[in-house]
Structures are given as structure tokens and as C-alpha cells.
Asker: 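Got a structure here, written out as C-alpha cells. Questions coming.
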Amino acid sequence: MSTTTTTPRSDSRIRTFQHAWLLLALVAVVTVALVRVVTGADQLTATGTLRAMILSACPILLAALGGLWAERAGVVNIGLEGQMLLGTWGAAFLAYHAGPYAGVLGAAAMGLLGALLHAVATVTFGVDHIVSGVAVNIIGLGAIGFLAKAYFNDLEGGGPRNLSGYQTLPRVTVPGVSDGAAWLADRHVFGISDVAALVAAATTGVSLLTVLVVVLVAASAYILWRTPFGLRLRSCGEAPEAAETLGVNVIRYKYVAVLVSGALAGLGGAYLTMVSSSSFTVGQTNGTGYIGLAAMIFGNWRPGGIVTASLMFGYTDGVSLLPSGGIVVHALLLLITLVLAALALWRLRQGNLRSALTIGVIAVAVLVWYLSTDSVPRAFVGMTPYVITLFVLAVASQRLRMPAADGKPYRKGQAG
Amino acid sequence: MTAPAAAVVLTGIGKRFPGVVANHDVDVSIRPGTVHALIGENGAGKSTLMKILYGVQAPDDGTITVDGETVTFSSPTDAIARGIGMVFQHFMLADNLTVLENVVLGAEKLHGIGGGARREIRAISERFGFGLDPDVLVETLGVAARQRIEILKVLYRGARIIILDEPTAVLVPQEVDALFENLRVLVAAGNSVLFISHKLDEVLAISDDITVMRRGTTVGTADPATATRLQLAELMIGEELPSPETTESTVTDVAQLQLKGVSVFASDGREVLQGIDLTIHRGEVLGIAGVEGNGQAELVEAVMGMRTLSGGTIHLGTEDISGWSNRRVREAGVGYVPEDRHRHGLLLDAPLWENRILGHQTRKPNVRGLFVDRKGARRDTDRIVGSYDVRTPSIDTTARALSGGNQQKLIVGREMSGDPVLLIAAHPTRGVDVGAQAAIWDHVRTARHEGLAVLLISADLDELIGLSDRIEVILRGRLVGEFDPRRVTAQELGSAMTGGGEAA
């Protein structure tokens, strides 16, 4: 038998890559801990804050993951928001009548339905992806408005635009780890407590749906990058004509990708109605689908990046809902100053003076804001996730690499 | 019975599209272990024939026989299963995937997508001397390496009959030699190669058999051992081969375009042009030779005002045009034949007369005051169609319906109108048939005689040598040598282009 021979080069490349991630995580923990100690805002990494982060991040992550599937196959799915909306209704309807697990399935099915509409329009009929996606969003909102009125109005706990009183999913706590981590988190030890708080948040009273999110992310990464199916799917987003000449049924893969995308977005809707809250309201996604799309872009169309971006957006989103939000966001200003300063230095080293100067000036402005106030106004706290989204995309967009044929119409038989 | 059965026999192939007969009565027989050349002008039906053989399109008439068995292909998958592989003229590769991923795509069942596939790719690469690393991203590789990936892709699927569609169009002479070396090894191993080209020297150099196509059908075969260029050319077009040679020099000493120390950064911060100094005089054709991607496109875009200079100045005549907008540069009398006519030169779905207005939308005869002068534009389009021999049913036909040669003649005609003082021609005859090529060369020569300055960028070294008064070689964003086209050979240029030799 021959032994597996891997080149030392690709091997060391993978190792450097893993080292880089570890280093980055370490730097992040130290920086955050530093900011916590300097500002004295212990809520910055309190278990409660991080639990809010996870609760907010999961629906964003599901939407982003859905976006990843579709865009890797070359279809821009801006209809994620609409598919999520459909998911919220599907979850509520089936959870009410058939229990929480049926609710999860119902959400995925409704999201899939929305995605089917998008797939037929974009893949079969070559409609512009943005136009079709926006249409799906509008239809999604309209449809659940109608469906809620038709089916929820006469239910106990229901109304023309809302429904409550259904069962939600069970929650799990990892015994031992949860308590230990919580104890450690309360000690406020530099660095260690911050990590412990994250462990505590991730092991205490976690909904089964959150566990499913983790599984789905890992499964998506494996399927898309480690299986022939995934390679084919990605090839449809990179060079569909090339894929066609090699016998890949591009249309079929695009359909599968968009349908999976919709199902994931639908699950995001289920998360909102069954985990983030325990009731359904028309329009409760509140732009989560769009934030998910932004997280996918900021995550550079890669699973690791998407998780990071979703957690970041989830953090700011979660914090804005907490009573201590003003103080935490105020502490965040210092963190932002540090990040901006680092970015400015990096740009300076690249020789890009103008960009370095611009970022430097913004850093100083944020620092002045931090030093001259004690808390950030409520209105701004609510704005934080969107401002961060915009800012991050503005800074990072030049380094992002989208699939080469993303959003481009494809017609069979164009090859050669 | 003849001794070795033919690998592939095409008999009486016919293919009709609405309004056009692309192929009729095509007969080709390919012997195993040979390079079989298929030559013909653009539009002679070679590409359609190849698509039929590769299963992309189904023939209306005729039969295909592979290894003595009659077959019908409904998709490339069927052709691949029969051992037929195709390397398209426009490479079918995903830049953002690795060599390995590009190769195994669609054939994952053979060796998986991991270690087994990696070993197999290394083995093929070594056997035929391809020198490819399976884990490299395709976007980092040059044209010649990409072509080898395409061939590897075909071999990986076990193809024994390999179709190469104009494989040398994008290569420099040294790369062509290397490719031919690879092909000889392939053929020696018992594979057959179907080599499509209209470069007759190359065909004579590599092939064992030649089949000639004209107007959709095969018009004859030739033996490369005895046939001459001239005979092949006559078979192809029924007339003598045109040559790009210019006769007497018309160079004046009035500088028309002057670049001093021009530098340009790409968006990723790389310096794609570094300190370019060049001067073109009235009545002079300056040729730029270089492997694609060494700064030619950026040079053109810098002059055309499509890129911001990070240093240096550009003068048109006596005026400093650095920093001018594209429209201002054009209005100052610069004509531009873009590198990719589909992306930059034409609105494919617009009629010819609207295309005539493009880039001249502020000038007579296309506008009167604020409004488009339809009558004027149409009249002038008629003039271009007439004097540039653009073959089209009408000026209301969309540009897409024209063949590549006729599209290019329309662009050249448009850019020559309004009495330009400088013409920038990027690959003016790429993908253009012999007849149109000769016509375009004639127009450039005539205009040069009348004092036009021309910046000519071309991958066709014969064209550069024949048409230019002076040749500059560009390598990694610098001009690395100046050559006299009357004395330089394509080999010398090729070696300067790849950094192999120092400029004389």
C-alpha cells in the first residue's frame, strides 16, 4: 500500500493558518479583558451579556449560512429576510398545533417555499437576483400578515398579528461545566474570567435549536468544502460554464443550494419565535436577514468568517437590548478606538498614508467621545449593530473575495 | 481494409441553425497516435464541428464513429465516457479553486477529491512534463500553465482523443514549443490530438494529417510533409495569404504621444506600471510585445484616462493629458480598439448604428445640440459598413449577430472616423479571420501613411513585426527592450518577453 504523501508546503500552510487563528483569538481575549479592566465595565463580558450575544447571533448566523449556500452556487439570495419571515409563521403555526419539533420543521419548510420562488425566478427564468429577492421579501411579509390574520386570529393567545401560548424547545445545561465556569466568571480574573463567562453562556440553559445551529455550521463547512457535492456546488458559483463542460448539472445544483439556503433562513425564523422569544409577531425579523447577508459578506463567504461576523453583530445587537446597554456600548468605544488604531498602523505600514490618516482621525474622535462621556444615549445603543455593520463593510470590503460568478445569470449551453 | 482502424471518423456531418448552415457534408478521419490538424478561417464551421464531436451540440445529419463503433452524444459526459476530451479556446477554469479542484470537478468518482486525486494529478503531470502543483490556486498561474491544467483535466478523465481549439493563440513562441513537446509525448503514448488552428506554420510543424474546412464543409486534406503554407492558404480561402508587412517608413519626427515616467498602482497596491517612458511620432506604429498581464492593459488604460497615474505625465501632441477623463482624451482625437470587443467595444444587443455612436456621443455626425442625430449617425454607419466591408444584412442588425471579424471591422471603422491623431489598437486582429485581418492591416497602414500615430498591442508576434516601425517589450510593468522589427525574429522577441534574454 502506498502511504499518503502530502507536500510539506501545503502542510505547513495549514499549520500557519491554524496558528494565525489561535493567535488572533488570544489577542482578542487579551484586548477585550484589557478594555474591561480599564473601563471597569464588567458587564462587557458578563455571562448575561454573552448569553444575549448568542441569542442574537444564532438567527443572524442561520441567515448568513443560508446566504453562504446560495452565493457559493452563484445565486444572490437577498430574499433571506422574506424566507425568515415565512419561517417565523411556519414555526408558530406548527408549534401551536403539533409541538415544538414540528414547529422547527414547519419553519424550514416555509423558508424552503420562499426559496423555491426565488430559485424558479432566478435560475429558471433568469430574473435579476436582487429584483427577485426583494420581491420575495415583500411577498414574505405580505403572506405572513395574511396567514396570521387568517389562522391566528381565532386561536387562544392569538391575534390578527401575533400568537403566543405554544410550546418552545427544551433547554439543556451541561452539568458541572456550567456551574464551574459561572463561578470562575464571577471572580473577574484578567482574561480567564472573560473566557469562562463565554463557556458559561454556552453551557447554561442552551436551547436545542442553538445546538442545531452549531451542528449545521459544521455540517455546511464539511459538505461544501470536503465533499464532491460541495465542490460541484461551489464550481457553479465560480465558473458555471466550466462546470457544465465537465458534466455538472448546474441548474440542479443551483436549485439545491437555494432551497437549502431558504430552509436555513426559515430555521432562523424559528429561532426568533421559539428561542429568542416565545411568541410570534408579524415582522419580528426586523432586518435580521439583511444583517445575516452582511455577516456573510464580512465573513468573506467562508464558514469561519461567517461565525466570527455573526457573533460580532450578535454581540452589538444583544447588548443594545440589555438594561446595561449604555454602559457596555460606552466601553465598546474604547475597544473600537484600539481596533481602529491598530488598523491605522497596519495601513501605515502598507504605505497607504491617506487611508491610515482617515482611520486615525476617526479613532481619535471615538476616543474623545469615550473620554468626554459616561454612557451612550439609548437611541445610539439601538443603532450600534447597524453602524458597526456599515463600518465593518466599508473597511473590509476591499479584501473580500466573492464567488466569481455570483449573481450572474446562467443559461445552459453557453459553454465553448 | 486499412491497417490501423481510425480513432474517430466523422461522416457527412451537418448542422443547421435558424437561418444558417453551420456544417454540411463534413468528413474527417483521425488516425490513432497522430496529431490531426483542422484548419479553416473563422466562421468556416470548425467550432461547431468540435462542439458536435464533444457532445455540446447534436448533429442534424451524419454519423460519428469512435474506435469503429457508431456513437451518439447527447452531452459532454457521453463524449468523455468515450475517451474524447476538449480543451476550449477560452479556458474553462475557476480561478478561485485550486488546480486539484478544477481537475477533479465532475470526475470525483475516479480518485475522490483528496489524496488519491492529488497523487494521480502529480503522476500525470510528471509523465508528460507539465510541472503542475495540485494545491495552487489557478488565479496565480499564467496562461501556459492554465492550458496545461486543461490538458491534464482531459487526461485525468482517461481521454485518448484530445481536441485542442486554437491552443497557441495565447502563447508566446517558447510556450508553443513547450506545448508541442507535450503533444508529441502524448501522441507517442498512443493518444490522438485534434488540433484546430489557423496558424499555418504551427500546423505544418506539429501535425501528421491536415483537413481543411471552408464555408461549413471539408474541402480537402493535405500532407504536412509536402504541403506549403501557400497551398494551405489557398485551400482555406481560395486566395493568397495576406501579410502584415508595411512597405516604406512614414515616421516623422513630430512626437504625437509622449509618456514620461508613467507609473500606475493596481487596486491591491501592486505597481503594475513602473516608470514607463515612450514616444510615438506622427506616422509611426509602435508595437508593444509582451506576455499578457505584464502591464499592457494598464498602459492602454492609463493613456485612455481610465486609470489614475501614481506618477509621470502623458502628452498628446503638446498638451498634457495626464488626469484627463476618458471622454476628453477621446475628444482630443484618440481612437481606441479595445482588447476585448465584447466587454469594452460593443453593446452586443444594440444595432450597429447605435454602436457607431458609442464613444463619439458628443461629436458630429452623431449628435446635434443635445440630441442624438439618428439620421447622421445612420448615414455614417452606412459609410463605415461600406468602406470597411462590414458584412451585415443591415445597420439595424444587432452587433451580436455579426461574426468576430465583422464586429472588429466596425470598431476599427468607428475609431478611425473623426480623423484621430492617435490610434490605440489592442489586439486588433485577435479572433478575426484572415480576410478581415488583411483589411484591418490595410486600414492601419493607410492611416499611418496619412500621419496617424499608432500604439499597437498584440500577442501575434508576426503582426507586431510586420506592422510596427519600432517594437518595445514590456515585462512586469517595465519596458525592457527596444527592437527593430526589420531585424528581430519572433524567437528573440519571445525570449525578451519572458525575461529570458537581455535586449540588444
Side-chain angles (χ1 to χ4, degrees), chain A residues 1-14 72 74 224-250 253 300-302 347 349-355 397-406 412-416, chain B residues 47-48 50-52 54-57 75-81 85-98 100-110 112-119 122 133-139 149-150 153-154 156-157 163 165 265 267-269 271:
Chain A
M1 282 305 290
S2 58
T3 50
T4 315
T5 49
T6 28
T7 44
R9 212 176 112 204
S10 62
D11 216 27
S12 73
R13 203 167 54 191
I14 291 166
R72 277 291 168 184
L224 288 176
W225 270 271
R226 292 278 176 272
T227 66
F229 170 84
L231 174 62
R232 288 172 172 225
L233 192 146
R234 282 186 296 129
S235 76
C236 297
E238 296 287 348
E241 282 84 12
E244 184 191 329
T245 61
L246 298 173
V248 174
N249 188 337
V250 176
Y253 280 89
N300 202 11
W301 288 267
R302 313 224 24 132
R347 284 285 155 92
R349 240 192 70 198
Q350 278 189 324
N352 196 339
L353 195 67
R354 195 190 298 170
S355 168
S397 64
Q398 286 168 359
R399 302 185 50 80
L400 301 178
R401 171 69 187 262
M402 72 194 298
D406 198 8
K412 195 173 181 308
Q414 295 263 302
Chain B
S47 301
T48 307
M50 289 314 98
K51 285 183 186 172
I52 289 171
Y54 189 53
V56 177
Q57 281 159 353
S75 78
T77 319
D78 298 344
I80 293 166
M86 172 135 181
V87 175
F88 290 89
Q89 185 180 359
H90 302 285
F91 298 150
M92 290 290 174
L93 296 170
D95 282 358
N96 204 14
L97 301 183
T98 63
L100 173 96
E101 288 175 321
N102 268 289
V103 171
V104 301
L105 178 61
E108 301 89 349
K109 289 211 176 76
L110 294 175
I113 64 169
R118 188 171 286 116
R119 269 194 300 282
R122 284 231 173 78
D133 178 349
D135 293 312
V136 170
L137 273 189
V138 167
E139 67 178 352
I149 302 175
E150 287 282 17
K153 220 157 91 174
V154 162
Y156 185 84
R157 288 161 170 72
I163 309 169
D165 190 3
F265 281 101
S267 52
D268 59 5
E271 198 167 27

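To find a chain, count down the sequence lines: A is the first, B the second, and so on, and within it residues start at 1.
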Asker: Using the side chain to side chain contact (heavy atoms under 4.5 Å, CB included) rule, take Arg232(A) and Glu108(B) through it: C-alpha gap first, then chi angles, then the decisive distance, then the call.
Answerer: CA-CA 9 Å; Arg232(A) 288 172 172 225; Glu108(B) 301 89 349; 2.8 Å; yes

Asker: Going by side chain to side chain donor-acceptor pair (under 3.5 Å), name the residues that satisfy it together with Thr227(A), two or more places apart in sequence or in a different chain.
Answerer: none

Asker: Run the side chain to side chain contact (heavy atoms under 4.5 Å, CB included) test on Met92(B) and Lys153(B) for me, step by step, so that the C-alpha distance in whole Å, both residues' side-chain angles and the decisive distance to 0.1 Å come before the verdict.
Answerer: CA-CA 10 Å; Met92(B) 290 290 174; Lys153(B) 220 157 91 174; 4.1 Å; yes

Asker: At a 4.5 Å cut-off on heavy atoms, which part of Arg234(A) comes close to chain B: side chain, backbone, both, or neither?
Answerer: side chain

Asker: Under 4.5 Å heavy-atom distance to chain B, tell me which part of Ala405(A) shows up: side chain, backbone, both or neither.
Answerer: neither

Asker: So what's closer than 4.5 Å to chain A heavy atoms on Phe91(B): side chain, backbone, both or neither?
Answerer: neither

Asker: Side chain, backbone, both or neither: which part of Ile113(B) has a non-hydrogen atom closer than 4.5 Å to chain A?
Answerer: side chain

Asker: Measuring heavy-atom distances to chain A, does Glu139(B) have an atom under 4.5 Å in its side chain, in its backbone, in both, or in neither?
Answerer: side chain

Asker: In terms of side-chain geometry, is the basic nitrogen of Arg72(A) or Asp406(A) positioned less than 4.0 Å from the acidic oxygen of its partner?
Answerer: no

Asker: In terms of heavy-atom proximity below 4.5 Å to chain A, should Asp78(B) be classed as side chain, backbone, both, or neither?
Answerer: neither

Asker: Using side chain to side chain contact (heavy atoms under 4.5 Å, CB included) as the criterion, point out the one residue from Ile80(B), Ile149(B), Val103(B), Val87(B) that pairs with Val154(B).
Answerer: Val87(B)

Asker: Do you know which of Gly106(B), Gly114(B), Ala107(B) has the most heavy-atom pairs with chain A at a distance under 4.5 angstrom?
Answerer: Gly106(B)

Asker: So Leu231(A) and Leu97(B), side chain to side chain contact (heavy atoms under 4.5 Å, CB included) or not? Walk me through it.
Answerer: CA-CA 9 Å; Leu231(A) 174 62; Leu97(B) 301 183; 4.3 Å; yes

Asker: When only pairs under 4.5 Å are counted, which of Asp95(B), Asn96(B), Asn102(B), Thr77(B) shares the most heavy-atom pairs with chain A?
Answerer: Asn96(B)

